[in-house]
Structure formats: structure tokens, C-alpha cells
Amino acid sequence: MLTRDQNTLLVQTGPDTPMGRLFRRYWIPALLAEELPGPDCDPVRVKLLGEQLIAFRDSEGRIGLLDEFCSHRTASLYFGRNEECGLRCAYHGWKYDVEGNCVDMPSEPANSKFKSRIKQKAYPCVERGGVIWTYMGPPELKPEVPELEWAMLGDGQRFVSKRLQESNYLQAMEGGIDSSHVSFAHRFNLDDDPMHSGTEGNKYLKADTRPKFEVAESDGGLVIGARRNANDEEYYWRITQWIMPWYTIIPPFGTHNPLGGHAWVPIDDTTCWAWSINYHPTRELREDELAAMQNGDGIHSKYVPGTYRPLANKDNDYLMDREAQRQKKTFSGIEGISAQDFSLQESMGAICDRTKERLGTSDAGIILARRRLLAVLDDLEDESLPGLETEHQRVRSTSILLPKATPFKEGAGEALHMVEGEDFVSI
Amino acid sequence: MLTRDQNTLLVQTGPDTPMGRLFRRYWIPALLAEELPGPDCDPVRVKLLGEQLIAFRDSEGRIGLLDEFCSHRTASLYFGRNEECGLRCAYHGWKYDVEGNCVDMPSEPANSKFKSRIKQKAYPCVERGGVIWTYMGPPELKPEVPELEWAMLGDGQRFVSKRLQESNYLQAMEGGIDSSHVSFAHRFNLDDDPMHSGTEGNKYLKADTRPKFEVAESDGGLVIGARRNANDEEYYWRITQWIMPWYTIIPPFGTHNPLGGHAWVPIDDTTCWAWSINYHPTRELREDELAAMQNGDGIHSKYVPGTYRPLANKDNDYLMDREAQRQKKTFSGIEGISAQDFSLQESMGAICDRTKERLGTSDAGIILARRRLLAVLDDLEDESLPGLETEHQRVRSTSILLPKATPFKEGAGEALHMVEGEDFVSI
Amino acid sequence: MLTRDQNTLLVQTGPDTPMGRLFRRYWIPALLAEELPGPDCDPVRVKLLGEQLIAFRDSEGRIGLLDEFCSHRTASLYFGRNEECGLRCAYHGWKYDVEGNCVDMPSEPANSKFKSRIKQKAYPCVERGGVIWTYMGPPELKPEVPELEWAMLGDGQRFVSKRLQESNYLQAMEGGIDSSHVSFAHRFNLDDDPMHSGTEGNKYLKADTRPKFEVAESDGGLVIGARRNANDEEYYWRITQWIMPWYTIIPPFGTHNPLGGHAWVPIDDTTCWAWSINYHPTRELREDELAAMQNGDGIHSKYVPGTYRPLANKDNDYLMDREAQRQKKTFSGIEGISAQDFSLQESMGAICDRTKERLGTSDAGIILARRRLLAVLDDLEDESLPGLETEHQRVRSTSILLPKATPFKEGAGEALHMVEGEDFVSI
């Protein structure tokens, strides 16, 4: 349970908010690389942290991310012409390069110096891991480009999708931190999930619905251990990494299945992008795996055609099927791991009112993540922040059996760190 | 005409408003019984007086009406599993019984006492007269279950429907109190209305559009007499009962036709449920009558499929037919008694601005109903309130011819009281 | 760039705002004459300057424009019966004539004097030039009916349409004042526009995108000269008239093509009517011209059937065609002169935030129009205002070649004044 002020601090991410300033210290997943397929492709509207922007790739392939509205008369650059190394406003022809410089102003006298005084807001972008990232913070504090494991792999080893979530980012991210709901919301679907197949983890998940949580701070955020009974001597540990400000890594199910992870990125205060990534550090994804992911299975989604909005959404009650619920084909009546999560998260309202909740011991990860986010607000000006340095990002989640007496961080040891080219640890 | 403050007092019914507190002293029609057809049926979202709730019937057939949002993390219980005598949240499996007790908390340690400290908001419910009623007020002040005539009859003697009205409850209820509009809004349709057929009442209604109103306080609310000319010696009186807080009984048209009544129940401040009831105290409804009611005739409505929203609604201009209006098939161009009323009521705006109206003598019933509602706000803490006691509810409307010199209340006499098993009085 | 306060002053036009009071000093284009086709026709909802009104033509053909909501109980008169020289409310039968007098009150006693005390808000109307005009200001200050050239011509010499624009009126009107955008937004479509055909103007427009602006005050508003290079000795001048409060006249393209003009009339603060008029002072419009106009070509629009909303609108991204944009069939990807303008204007947001713009020398007309509107707010009570007198309205735009040394107003001379029955001046 939070005070109203604490909740407000956590959920608001616009330009002039504390959390908005914090998030602007990090690189932000902005678009799928495929949304800007090549030089001079169509400009794309992008909204991030409440700012309306326009993305384009110029004739040389450079990526621009500009204020959507032209400096001149505030017409949208969405209608602009992307040609000859710049985006030209369709109203009076002002043209900007990827850095926001006004490189042509054909409506003013040829000898005018006016254009040198115009600077369209522009954010630097890089492409890595199938994602176009941007940095919206103070230039002098720009950190290194993220080196999350999934972002550093070869293209064949990774599948990235994004999905519109019609709620604040925080309740979405809390779902990614929360290992406890898996035994319920996904209970009847663990066996058919492509990421879960053929492992003994499902067995423990279903048998013990009351995980005991232990949470430790990491350099980048939190390491969240959820302990379930396995046998007389051992516990089954599912250990989740939360990397500031919004990345979660799902504990694996066997080493033969791909890993999964998420990024939970605010569009504005009432919607967010749920980024979903499957990847395998030591092999390429198989065709059948890719086909399932492209089909929207597992943590990915089926879309309303032409959009990134899920086909099952609040306007159609997430295609609720009460009969399937009654027959224990699904726990909530909603089909698909992804929709099972976001239907419940969106049902809390656009912004969850955390003054009304009653948290238990199984919410330890969520409680500490909120606490850490709020605490970091005091260090907004620090050069280093949790999760900012690439070393903080080179971590792994794991699922292991440990003797009952062994503390989980000690027992997991190197399994929590990424080692390039080497496999991860999972039962 | 009201002051802005008076209007605000009357129209706002949320938990912390005076009128909201008053309404919470009464039993409230919450759902049609058919919406919860049997044990372990689908949970149903319910909104009443601004509160979002979830209704269900447990394995034993008991009715629960809980806060929609789980005490734990505020996910909607709409996605919950209704099984084994409780509703289980789909997120982390917390389970509530119909009284809001947390009877299972499988996400917490088996020996946790946490669940005994959790109480989901729950309102008591009863089923009577085809309606599920709830009581949302202070438990120690809970009154007896309503004994309105239509609620006490056998199932075959009654037909109940509900309809979404997209306006504040008050302008809807005022339509129910107002006998004067019948001569206009329904003018060309009185003869084909099933409740009106074969009576001389229509004749007087059309001949004298200028009823003279006399209004008297009753124990339960108001008795509103509308006097029209009949012949040299007599007046035709249509006498309407308004029973606090929101019931109206339509004066009858002959004793061979069913009676009609309404309840006008706030969903929130801009929408309400218009409950419509036909009933006959001394006989079962005929098949042809039931067929017409099910078809949405008379005071009932045709719906957008799968909803209780009328097919003729503000998004389609109530299926306005100007040609029918010109040809005097309908007075306003709208078809159907019910839609003729709510189209005009909704056209006042979501909340009627009563600072702008100019009331005449024909508005006496409305004026006094508002006055009485406002006056009762001073007695909010009283044990007894008008309309609260079952004796207040055992009343009837009537339509009679009275000698010109006879005062209407005196002339109507026992016709205004319900006598079980005996017929009502009407010409 | 404006201050926030200046922008607020300019964009708000409700009854109690300074600009709203200014606009109410002028006759206002309210409906197309065809919307009220004859005596006792269907009433039509009209919203102007934030006021909800109802228009009708009575049995004698007189035009009424009343407050939409009945004085009695605020039901909408849209459902009223238009018959026997008045509009009768469908709720209780109160009937109003075109002056707002309550001429019948059948719900009250026959001898009641109440109706004489009821006055429904009513605005005087006149029909001229295919348009029904209304005056919403103080009766004692009512000016003469407008004598804009297009309004005074015979029916065959004029084509008038209106179109819903989903933005504040000011950014729409600024588009009409702004001659500079023509070289860009319409660049690839000048030659196929019916108003532009067969003239040398297009050549200069495309060759010189950097017009130099000179602006002078006129009695009625502004005369805005946009100078482009023509040849060694001459400039090509396009001279636009802006007539207070919201009329613009497009400079002509040859004298064989019809002229064009607009009125930009606030519906409320976030929508406006864009009136578009083509006309020729000395000949009737040809059938092929009329066919093109009726088809929505040029400054006119294709509509969503049954509405005045453009078929290309913000809900369908204005039917953006990126391929046509790439192939230089259109500059912005949007088809049609009209949609090219309003797509950009609406893209600024419902109300353009003028604190963010950066104006250049080509925006001189817009800057001075705003300045003049703001300045006139100090003279709100004056009997005469710019554009109020018919003499102010009898002006013409022109497009001419002038020797480089000749000042444009001097060079244009009588070309800027309307002379009945004589042709206008244009190359």
C-alpha cells in the first residue's frame, strides 16, 4: 500500500516529473527496427513518456527522432516528406536533419539567417537487438548503449515484439516482477506454453502456490528469489532479475527452451509499450519457435490488423470465454499467457490506485522495486544510477534446485551473471 | 427552477454525497434475477450509485455483491473463478465468500493469519419479485425488504425489465412523476399501447391537455392527482404514487389491463437504470401481453443485442422518423412509449441544468418531489424515513371519475392502498 | 509566437469571452440555405460560438434560430413539431414562433398568463447568397446584412459549401490568410485545380517559394500582398483580402476562372465551420465547374455520407497515401486542396499552442491579423468596427504583375475594390 503522493510520484513520467526525469537518464526502447525498414521510409509517430515525436530514417540510413510538431507553425511532421537526408514539413517546407537542424527554409528569403536559429527537438537514436533506442535526457549524462543479453545477440537468436498496454507502465512492470501469479493466472496453460515445455519447473509451480520470497538489491535493481518446495532436501528457486528502470528477465524453464524478458516503457501515464523478447544465448531460434512467436503465442500477442494493439482488448472484454474458464482450459477465461496478464493489469484501471491494495509476503519483489525507484529519485543528478552501466545489465535469471540450507544468492552464484557464448543455468 | 447548489445536491449520489447517503438507507434494485441464473453462474459487473461492484451466485445459490476490485492488488474480480462457494481472483487466487470474507489465500504461507484481516467490501442481497436487491447502507439501519405490490406477486403476474438510460436518474424519475407529458409526447400512441387499450381514459387524456394538479404528501412520498375534464358533473383523476426514494406507479387504464411502475436507480451521476414493471394483482399476465413486453413494447424497450441499452439511442438519434412525425404517427418522430420519454429526457444533457427551467402549475408533482428529497436530507440519521417502511410501499395508483366538488384524496380513499388479493380501482 | 494569455483571448469565443463578444457584433454564416429547404421543414441542430441552437423555417417561410433547449424543462426542441407557424416542444407542447415568443402553452390552464412571461432565446436570421445568416449580438447594435461580393450575386454565379473542421477556427483562418503554404502543401496539384487552370500564376508560385510579404490595414481588415519574382522588370503579386472577423478572399487565377473565398466560423472552441465559396462576378458558373464543386474538388470537400464531415478525416489519417507522396502526386500524401490544408491545420491539435511557434517574415499576414483582432477587443463597444460596414466588405483580391518599383497597394489600386457587374483584375 502506498500513500497517494508515493503513487503519483511512481506513475507520472512526463517531462517535468521526478520519475520522468529519472527515466530520461536511460536509453529507451522506442521502436521496433522493422518500423523504419530503410532509407527514406515512411515517418512514424512515436509517443514516449508523454512526448509526441516523429521517427524517420534518412537517405543515408541515419535515424531521426524529432518533436512531432514543426517549430514553425506546429503542423505535424507526420505529413512531412522524408527525402534527401531530411524530413520536410508539408506546410511551408521547412526541412530538418536527424539532429533537428533546420537545413532548408524555402519559405523565407534566400539570404535569411533565420534557419540557423531554429532547432527542432531531436533525440539521438541507435539500433541494437532489433530495437531502435533513444536517449531523451541531458546530453552530457548520456550513458553507454544498453548491453542487455538479448540486445547483444545475433539476429537469429532473438525475437522481439511490442504490444500496446492500456494502463500505466507500473502495474504492467509489477506483473513482470511478480512470480507468484504464475501459479494462478497461467495455471492451466503452463504445459502448452512454448517456453515451458518439457521441464520439471511446471510441476513445482503447480504443486506449491505459496512461494516464499527473498529479495536482494543488485547493482542494476533487484534479484528476486521465489522459493517453492521441491523435495525433502531441496527447494525449487525461480530467480528473477529486475534491471532499472524497466527490464525484467523471466526465470528459464530448462536450457533447451528460449529465455524470455520484457521492457515496460511508458507511452504516457495511461498507456505503455510492453516489449517482449525471446532469445537463446547459445543457439539460433528454431523455425517452429519463431512461427509460434510470430503467431502471438507465449509472451507475444495477436494484434488488431495494422496496429500493435492486442486483438483481445478491453473493448471486447479480452474475448472472455466463460466455458473455457469453467472447463479449466484457462484460469480467468482469457486465452494466452500475455492476455492473461494484461487483462488483469488493465482491469485495475488506467492507473492502479495503490492506496487501496493489501500486500502480502508474496509481494516482496514489488514492494522493494517501488521502494528502490522512489529512493533513486534522491540521486537524480548522480552520474551513475542502478541499471545505467552496461555491467549492471549483463545479468541472467535462473531456476535451480538448492539444498534447503543454502541462501539463494550464494547458491545461484555465477548463474546470475551473463557470460557471452556460454549457456545459462536452469533445471 | 433550482439554485445550482440545490441541483447539485439532488443529482449527485456517490458514496460521500448527501443524496448518496440518503439512497444508501434504502434497498436498491441491483440486477434482474435472470442475470444470475443459478449456482456458480458467471459473475456480472454492477455499478450502483457510482460504486463498481461484482455480483455472483455461489455454489449454494447465495448471492454476493462485492467490490469489483480485489483487496490484494485491485485486479477486477470479473475475471474471477466462481466455484466452491466463493469467487476467486484470477490474479493470485484470493477467494471471497458472499459476505466478503477472504476464505482462501493460496499465495501466502499456509499458516499465515493475513486472510483473517482482509474483508472485501460486500453488500447483502435478497431476491424478490424477479429482482435482486441490495442494501449499501449502515448495517445497523438496514430496513425490511421492500414490499411494493409488484415485488410481492407470483412470478406469472409480473414482468420486469431494465434499460440503460444515459442521463442522471432525476430527470428520468421526473418523467415518471409527470403526468402532463402523456397528452403530448405519447399523444398519437395512446391507443396502440397495450396498457391503455379499451378504456375511456385515453379519450380524456387527449381531450384535456391542461390537467390541474393537486399534490399531497403520503407516508412514503407523494400522491399526485392530475385532474382533467370528463363531463359536466365529474373530473377524470389520474393519481400517481411516488414512493421514496425512486419508485413511481402509473395510474391504471381499466382493471383488465396490467398495471405499470418504475424504479429510477442511479448507476452514476450521468447514467441510471430505468426499471419497468408490468403486473396484475389478481391474475396472471396473458401470453400475448408477455410477448408484447418481451418484444419491448409499451414501457419496455428493444435492446442493442447483448446489452440493456435501447436500440434507439442517442448515437442514432433515437431512430428519428420525421415522416412519421409529420403524419402524426408519433408526436416527436420517435417510436415507442419508452423511447419517446427517454429521448427527451436524455436530450436535456447528461445532467439537466435546473437553474434554467421555467416551471408551471403542471409541474407541481416534480416541484414537491424535489422539495421532499431535499427536506429529507436533514433527517439522514433518523431511523424511519419516507418510503422506508413496508407499509409506505403498499400503495396503489388509480384513475377515477369523481364529482367535481370531491377532494381527490378523499374521493380516492381506499383505492390508494394495496389490498392483497383484491383488485385495484380504475375506470 | 504569442503569450499563453494572448492565445487564450484569440481562440475562445463562448458567450462570456472577449472574442466571443466581438464576434457577436457581426452577422454569422449559420447554415446553408438548402438545410432549411422550405416551410415547415425539419428542424436542424446548429452550434455557433459554443451555443446550442435549433433552426427551422416556419409555415410562412420565416427562419427561426432558437435556443435548442425548451424554456420549460430544457428538453431539446430538435424533437419538436414544426407546424402552423411555430416549433412545438414534444415534451409538454410549448410552442415558439421564430422570435422566441411562446405562442401556445397547452399544458397550463387556458387562462394562464404564464406564456406571456416566457421568451425563448431567439436570434434574427436572413437568407442571402445561399447562406442563412444570424446575428447573436446586442439588438441595438445590429449591423447591416453583409454585402460580400459572393453573397450579392445571382444564384447561378455562386457555389457555397461548408465543411466541419475539427480544430479551433483560428488555425483554419490563418491557413486562409497564409499565401505562402500554396507553394508547398499544394505544390503538385496546382495545375489540376479547377480554379487555377490555364494561368501563368502557377508558374510563378512554383518557381519562387519565398514570397516577400507586405501587409496593410484596410477598413475591413488587412490587405496582404505576397510578392514573387516574375521577370527582370516585374514582380508577381498575389493580394489577399482579409475581412473582419473571418472572411478571406483567394487571389484569382485569371479572369476566366471563378474566384474563391472562405468564412471560418467557430462552432465551439475546438471545431469550426469552414465555408468555401466559388463565384464569378460577370458570368454564371459552367456545368462542368459546378459538377467539380459538387464532387468536392478544389476548395470543396467530399463528405462522410449524411454529414458535412470530410471523408478524409483524422480518424482515417486523411486517407494518407505515402506512395502518391513519394511519386510527387501530392506533397503531403493527402489528396485534394481542401484536405491538404485541414489535415495540417488539425494536426496542430484541437487548439494550436501558439506559444511554441517560430514565425518568419512569410507569416506577416498572420501576425498582423492576430494583432488586429486583439486590438479591436479594446473597441468592443464602438458602433463601428472593421469589417462591420458593408463598404468594408465590397473588396476584391487580385493577382497582378507590377513594376518592381511600384508599391503594391498603389499598383493594385481599384483592383482591390468591388465594382458591381464589372470584372475583377487578374493575370
Side-chain angles (χ1 to χ4, degrees), chain A residues 15 35-45 47 51-52 54 56-57 59 66-84 87-96 100 102 104-121 306-307, chain C residues 1 7 167 171 174-175 178-188 206 208-213 226-227 229 314 317-318 320-323 325-328 330-334 339-349 351-364 366-367:
Chain A
E35 291 182 79
L36 295 180
D40 291 336
C41 58
D42 299 345
V44 175
R45 292 188 190 99
K47 195 175 183 187
E51 295 185 40
Q52 287 181 267
I54 198 93
F56 68 109
R57 208 182 282 264
S59 312
L66 305 180
D67 188 328
E68 182 185 339
F69 304 102
C70 179
S71 289
H72 178 210
R73 295 266 315 284
T74 79
S76 173
L77 295 175
Y78 175 74
F79 299 96
R81 301 185 63 82
N82 182 13
E83 56 188 13
E84 293 165 26
L87 187 61
R88 187 184 292 282
C89 180
Y91 210 2
H92 301 88
W94 293 20
K95 182 173 174 179
Y96 304 99
C102 186
D104 193 20
M105 195 182 270
S107 61
E108 290 293 314
N111 59 353
S112 166
K113 298 270 177 270
F114 189 31
K115 74 164 184 268
S116 67
R117 305 208 319 269
I118 297 297
K119 179 84 185 179
Q120 185 78 357
K121 185 172 72 179
T307 77
Chain C
M1 194 172 110
N7 200 36
S167 81
Q171 63 216 63
E174 288 172 349
D178 166 30
S179 176
S180 158
H181 77 276
V182 176
S183 305
F184 305 100
H186 310 315
R187 185 172 194 81
F188 304 135
K206 285 192 269 192
D208 184 354
T209 64
R210 306 175 194 272
K212 169 113 181 50
F213 281 84
R227 188 189 89 189
N229 293 318
K314 63 176 176 174
D317 250 341
Y318 308 95
M320 161 68 74
D321 181 345
R322 290 284 185 201
E323 194 50 33
Q325 183 181 33
R326 242 185 305 271
Q327 293 180 10
K328 302 198 175 174
T330 58
F331 197 79
S332 68
I334 309 300
Q340 282 163 7
D341 283 334
F342 66 74
S343 58
L344 285 160
Q345 293 157 9
E346 292 182 3
S347 83
M348 298 167 178
I351 300 179
C352 175
D353 181 355
R354 293 180 180 76
T355 66
K356 292 200 172 151
E357 59 187 14
R358 299 293 301 273
L359 301 182
T361 60
S362 67
D363 300 301
I366 289 171
I367 292 167

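Just so it is clear: chains get the letters A, B, ... in the order the sequence lines come, proteins before strands, and each one is counted from 1.
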Open item on the list: Which heavy atom of C/Ser347 sits nearest to which heavy atom of A/Phe79, and what is that distance?
Closed with: CB-CE1, 3.6 Å
Open item on the list: Is a donor from one side chain sitting under 3.5 angstrom from an acceptor on the other, for A/His72 and C/Asp363?
Closed with: yes
Open item on the list: Quick check against the 3.5 Å criterion: does C/Arg358 have a side-chain atom that pairs as donor or acceptor with the backbone of A/Ile118?
Closed with: no
Task: C/Arg326/A/Asp40 salt bridge by N-O under 4.0 Å criterion - done: no
Open item on the list: So, using ring-ring contact (aromatic ring centres under 6.0 Å, His included) as the criterion, who are the partners of A/Tyr96 when residues are at least two apart?
Closed with: none
Task: Side chain, backbone, both or neither of A/Arg88 within contact of chain C (heavy atoms, under 4.5 Å) - done: side chain
- [ ] Can you tell which part of C/Ser183 gets under 4.5 Å to a heavy atom of chain A, answering side chain, backbone, both or neither?
- [x] neither
Task: Choice from C/Pro211, C/Gly175, C/Ser332 maximising heavy atom contacts with chain A below 4.5 Å - done: C/Ser332
Task: Closest non-hydrogen atom pair, A/Arg45 against C/Asp317 - done: NH2-OD1, 2.7 Å
TODO: Check A/Ser76 against C/Leu344 and note the closest heavy-atom contact, atom names and distance.
DONE: O-CD2, 4.3 Å
- [ ] Output yes when a side-chain donor or acceptor of A/Glu108 lies under 3.5 Å from a complementary backbone atom of C/Arg210, and no otherwise.
- [x] no
Task: Short N-O contact, C/Glu174 and A/Arg73, less than 4.0 angstrom - done: yes
Task: Side-chain donor or acceptor of C/Glu357 paired with backbone N/O of A/Cys70 under 3.5 Å - done: no
Task: Under 4.5 Å from a heavy atom of chain A, the part of C/Arg187 involved - done: neither
TODO: Please determine if C/Lys356 and A/Asp67 form a salt bridge, counting it only when a charged side-chain N lies under 4.0 Å from a carboxylate O.
DONE: no
- [ ] Taking the side chain as every heavy atom from C-beta outward, state whether A/His92 and C/Asp178 have any pair of such atoms under 4.5 Å apart.
- [x] yes
Task: Interface moiety of A/Gln52 toward chain C, non-hydrogen atoms closer than 4.5 Å - done: neither
Open item on the list: A/Glu83 vs C/Lys328, test: side chain to side chain contact (heavy atoms under 4.5 Å, CB included). Steps then yes/no.
Closed with: CA-CA 11 Å; A/Glu83 56 188 13; C/Lys328 302 198 175 174; 4.3 Å; yes
Task: Taking every non-hydrogen atom, the tightest pair across C/Cys352 and A/Thr74 - done: SG-OG1, 3.3 Å
Task: Part of C/Gln345 within contact of chain A (heavy atom distance under 4.5 Å) - done: side chain
TODO: Check A/Tyr91 against C/Phe184 and note the closest heavy-atom contact, atom names and distance.
DONE: O-CB, 3.6 Å
- [ ] Please flag which part of C/Tyr318 lies under 4.5 Å from any non-hydrogen atom of chain A: side chain, backbone, both or neither.
- [x] side chain
Task: Chi angles and distances behind the side chain to side chain contact (heavy atoms under 4.5 Å, CB included) call for A/Arg81, C/Thr330 - done: CA-CA 10 Å; A/Arg81 301 185 63 82; C/Thr330 58; 6.0 Å; no
TODO: List the atom of C/Thr209, the atom of A/Pro106, and the distance in Å for their closest heavy-atom pair.
DONE: OG1-O, 2.8 Å
